[in-house]
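Just below is one structure, and these are the notes that go with it.
Model, not experiment: these values are computed from the prediction. Order of appearance sets the numbers: ligands from 1, and atoms from 1 within every ligand.
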Amino acid sequence: MAQTASTQQQMLYLLERPKEPFFIPKGDRNAVFEAPNNEYLVERFRPLADELGTRFGEDAGVRIRVGQITVPDISLPMQLGRNEFFSLFIPYHREMAGRLISVLMGMRNYDDFLSASVFCRDRVNPYMFVYALSVAILHRNDTKNLRLPPLSEIFPDKYLDSRVFPKAREEANVVQEASSRIPIEIQRDYTASDLDIEHRVAYFREDIGINLHHWHWHLVYPFNGPREIVNKDRRGELFYYMHQQIQARYNFERFCNGLGRVKRLHDFREPIPEGYFSKLDNTMASRVYASRPANMVLQDINRDVDQLVFDIQDLERWRDRIIEAIQLGRVINEKGESVDLTEMGGIDIIGNMVEASILTINRNLYGDLHNFGHVVIGICHDPDFRHLETYTPVADPSTAMRDPVFYRLHAFVDELFHMHKRTLPRYTTAQLDYPGIRVTGLEVITKGRNKNELATYWQKRDVDLSRGVDFSPRGAVFARITHLQHEPFIFRIQVENGTNAVQTGTVRIFMAPKFDERKLSMLFRDQRILFIELDKFIVELKPKVNVIERASSQNSLTIPWERTFRDLETNTPGTTPESQPFSYCGCGWPEHMLIPKGAPGGFPCELFVMVSNIKDDLVQQPKGQSACPNAASFCGLRDQKYPDKRSMGYPFDRMPRTGVDILSQFLTPNMMVTDVSIHHFDRTEPPPATDKPKQ
Ligand code: CU
Ligand code: CU
């Protein structure tokens, strides 16, 4: 008996095993797409149509009938081979993906959308297909409530040590019963040895959740495609803020591990001392990802195959023009007019211009600096295609954060933003203070630990590979990974409301290392850009004393592991729309990486809280609640404005007022700082029982 899968799930089967044709059964329920005619099959399979129908149709658990449409013109996206590397950073690929997104977005209703997707699926490059279909699902009204499977399930080869795959294949073949299979363990240190000091922070760079967040963020905020998708509220500013926070977090982790701050990659002619050997297979492209030995030098690019020609000099010109514009406080648009970089709007213009997104104010003049930065580094080992080589992981948003050079490139990008921020008016005490509101207490409570102690340790988890790899026999095969984790904690904040009425304010919680890499005190101007956001929420304050308790899991930037990885098919019928996870909710910093690792014996930090005046925070939203309020700090809200009117990063995004040299001098009565320490315990917890394969 065929089961009914919800319409939503049907669409998602197209993301499964992207290299297998659509007529092969998908998912635990053996879902089969039934094409309306042979035109939907790629040429290779047309002569076999009848045979295929009987062979795969018989054990279909779910039959998905696909309606007929006039097939769309996808000759442009089809120019990239099925087995080629695909990267959004390459303009030619971007153009092809943009066309495919337009085709899918343009379908009038769900049935046509499904039909077009089935038609395109086996014809275009699988990475491009998954990207374009994901963007379309996220942004179409008829599918935007769907939850996308994590990319690590679709393409596990982009996330896991390549050695796991032959072992998993063996396990699947030998142990037929999926529930009896043993997870394949992946060592924590598989990409380098301790000889490479950069390897000390590999647990951060190579974390699956972090890389999934980055991929998902770029799906929600694509820099190319139909304008109505790209042009989201303050997207250029959020590009700056989300990446700035990644940088701050990475530097925090480096300090915890005895490393200094990341050095900017601003001289494009200097050798790059950081090498990176990812140990990833790009199995779709039937190639291993290329590696970058230490001390490579960037070269002019001339690759016909990618339709890509540019020189290091181009990058230098764009860099210098952008810096000049920032220092002049104005940019030149495509009509040759001068546009001021204003206090609130300037950062958004610079974000879109540096990235560059299609919203850039003048691509001819300011170029494509950040995207081409990823490309030029990603192919420095074969800049003219003489070795027929493909890219390193830094040239692909889904893998880029694994490579130490990512943070060097982004430290450079970040500095451009900070350069602009330093030209802006400094916050006056009136812009920081909240008259009548005083913070009188701040502490962190971790169960079983001393006051103001945070604790981290290692946690194992099992991740299912079977959606992404064409194993037969079928059924779950797990890889066992190890990631950083922290013990849950709560913030306890005491706030006095000295007025006679209830007041509303925004609580903003940040944390930074107390000392720099030399163990010396920091100036405020340096420490401010190391502050990582930990939470942000609105509170009502009754007159007199208020005690606010807030659990670590409630924070405004992360999503829990379960949201990142929960099995698609466990969305059983009967769940209410409210309890269904939504695609936007797939965006968010992984909760297990909320707190930096710390150090054995405790790593000293400063925890900062402020309650800001709601009248300068509140945003008038279009009506209706956002379906997904989580992780708004990094990901925004779907169909709504960014939920905080202040400049992103407030109050640390500007240079301090005169007379403020250190953090304590910065504080107004509505702020407070407490010393906390992060203790790292070198123990490893086994995977929770919920990770077990389904019986
Ligand atoms: Cu990014
Ligand atoms: Cu980037």
What protein N, O or S atoms come within a distance below 2.8 Å of the Cu ion (ligand 1), ordered by chain and number? His214 NE2, His218 NE2, His243 NE2
Is the closest side-chain heavy-atom distance between Gln247 and Val262 below 4.5 Å? yes
For the residue pair Tyr391 and Asp306, confirm or rule out a side-chain donor-acceptor distance under 3.5 Å. yes
Does any pair with a residue in residues 360-376 pass salt bridge (charged side-chain N to carboxylate O under 4.0 Å, His left out), and if so which ones, sequence neighbours excluded? Arg94-Asp368, Arg363-Asp368
Check: Arg205 and Tyr250 side chains under 4.5 Å, non-hydrogen atoms: yes
Plane angle bin for Phe86 and Tyr131 - parallel if under 30°, tilted between 30 and 60°, otherwise perpendicular: tilted
Aromatic centroids of His370 and His410 separated by under 6.0 Å: yes
